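Since the structure is predicted, the reported quantities are computational estimates derived from the model, not experimental observations.
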Amino acid sequence: MKEVIIMSRVYNFSAGPSMLPEDVLKQAQAEFLDYNGSGMSVCEMSHRSKWYTDINDEAEALLRELMGIPDDYYVMFVQGGASTQFEAVPLNLLGKNNKADYCVTGNFASKACKEAKKYGDIHEASSSKADNYIYIPKQLDVRPDAAYVHITNNNTIFGTEYKSAPDTKGVPLVSDMSSDILSRVVNVNDYAVIYAGAQKNIAPAGVTIVIAKKSLVDEDYTLPYCPTMLKWSTQAKEHSLYNTPPCFPTYMAMLVFRHLKKLGGVAAMQKYNEEKAAILYDYLDSQDFYKAPVVKEDRSMMNVPFVSPSEELNAKFVKEAAAEGLVTLKGHRLVGGMRASIYNAMPIEGVKKLVEFMKKFAAENK
Ligand SMILES: *Cc1c(COP(=O)(O)O)cnc(C)c1O
């Protein structure tokens with residue numbers, strides 16, 4: 001085969017879609033035209049073929065192993081992104097007594113809550129909106145008869161993160177882990193449902209992971225008008241093959257899971273991510289040119305927002321950083337400034353290079 005020339009790759013700090021491990025991209029490239037002797041691409045093959053059902057099975061088995069998902073949970077690979085699960089969660093669970101509680105800790109949390117309000121009696125168990133979401137409220141006002149409590153594990157835009165599952169006093173906990181799944185060890189048993197879009201920490205957009213307690217799905221608390229496609233029981237029973245699944249993103253997810261396993265699993269990733277985040281936060285804490293708005297104890301290990309002294313300098317920062325191969329650092333419009341997303345696939349070298357650039361930029365623009 002002809003040697004492929006790889007153009008110089010940048011350090012991409014995008015909040016999502018974001019970087020994928022280079023080994024995984026190369027593997028996908030190597031088998032893109034002929035997957036496993038099939039003579040065709042994963043993009044071209046039947047989802048009922050043995051090649052694909054093997055991918056589907058291996059992806060699930062590896063995710064179970066990496067996260068320590070117990071046997072009494074279903075694992076599903078579905079379409080529609082995390083935003084579709086904002087609908088699916090109430091549609092699958094509100095049948096119990098029509099009540100659910102939401103923790104409003106950011107933009108996606110607020111969107112999830114807004115969708116649920118279309119279907120039932122929704123109560124805000126906590127909110128940090130009045131402080132522009134710079135912290136995670138520790139006190140939850142949970143109704144004991146709520147069908148579930150919903151949290152957003154990591155607030156991608158505002159850069160806050162739950163360090164552990166909050167105490168919901170026995171009410172089933174549903175967590176949107178789109179932007180921190182597989183970044184650190186979690187005890188799956190603390191959650192009734194975990195869902196995540198793939199494009200932050202796993203794979204290209206297109207596949208969404210749903211991990212749900214079998215008892216909750218089997219007891220069937222779905223609202224009567226829940227669309228078949230959004231019903232977890234449909235997807236679980238058909239082993240994510242009810243209709244044509246997102247084959248290629250699921251295959252990419254499988255490659256990423258293999259890669260994570262080779263690196264030592266989620267515990268090893270957590271150690272690496274802690275090291276990366278510390279480099280950036282330690283620097284931010286050591287100087288007064290940049291400000292990091294988030295309350296220290298709630299800082300996200302994945303998304304790090306910070307601002308320079310002025311709008312002009314923010315724009316200049318983003319432009320000059322890009323010229324050095326540090327790209328997509330512009331902050332979300334709701335926060336402004338900059339945001340460095342440092343998911344699993346961001347190498348530590350990228351974070352070190354960013355901090356070196358930050359130091360130089362501060363010195364030149366003081
Ligand atoms: C990106 C993101 C979403 C939206 O995901 P889609 O797959 O684009 O629908 C939802 N929640 C969180 C926490 C996110 O980071």
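Looking only at atom types and distance, the side chain of Lys231 has no donor-acceptor partner in the side chain of Asn92 under 3.5 Å away. Donor-acceptor pairing under 3.5 Å is recorded for the side chains of Thr156 and Ser179. Between the side chains of Tyr343 and Asn303, at least one donor N or O lies within less than 3.5 Å of an accepting N or O. Side-chain contact of Tyr251 with Glu58: a donor-acceptor pair under 3.5 Å is absent, judged by distance alone. Side-chain contact of Thr105 with Asn155: a donor-acceptor pair under 3.5 Å is present, judged by distance alone. Side chain to side chain, Gln235 and Tyr74 fail the donor-acceptor criterion of an N or O pair below 3.5 Å. A side-chain donor from one of Asp220 and Thr222 sits under 3.5 Å from a side-chain acceptor of the other. Neither side chain, Asn344 nor Ser183, offers a donor N or O lying under 3.5 Å from an acceptor on the other. Asn243 and His47 share no side-chain donor-acceptor pair at under 3.5 Å. If you check the side chains of Asp176 and Asn153, you find no donor sitting under 3.5 Å from an acceptor. A donor atom on one side chain and an acceptor atom on the other are not found under 3.5 Å apart for Asp298 and Tyr133.
Between Glu356 and the options Lys359, Lys353, Lys352, a salt bridge (Lys or Arg N to Asp or Glu O under 4.0 Å) holds for only Lys359.
Note on Lys138 versus Glu297: salt bridge recorded, some NZ/NE/NH1/NH2 to OD/OE distance being below 4.0 Å.
Figure legend: cation-pi geometry between Lys200 and Phe108, with NZ or CZ positioned under 6.0 Å from the six-membered ring centre and within 45° of its axis.
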Let me see the working for Lys271 and Glu274 under salt bridge (charged side-chain N to carboxylate O under 4.0 Å, His left out), right down to the final yes or no. CA-CA 5 Å; Lys271 201 161 160 278; Glu274 282 168 353; over 6 Å; no

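Residues Tyr148 and Tyr221 place their aromatic rings such that the two centres sit no closer than 6.0 Å.
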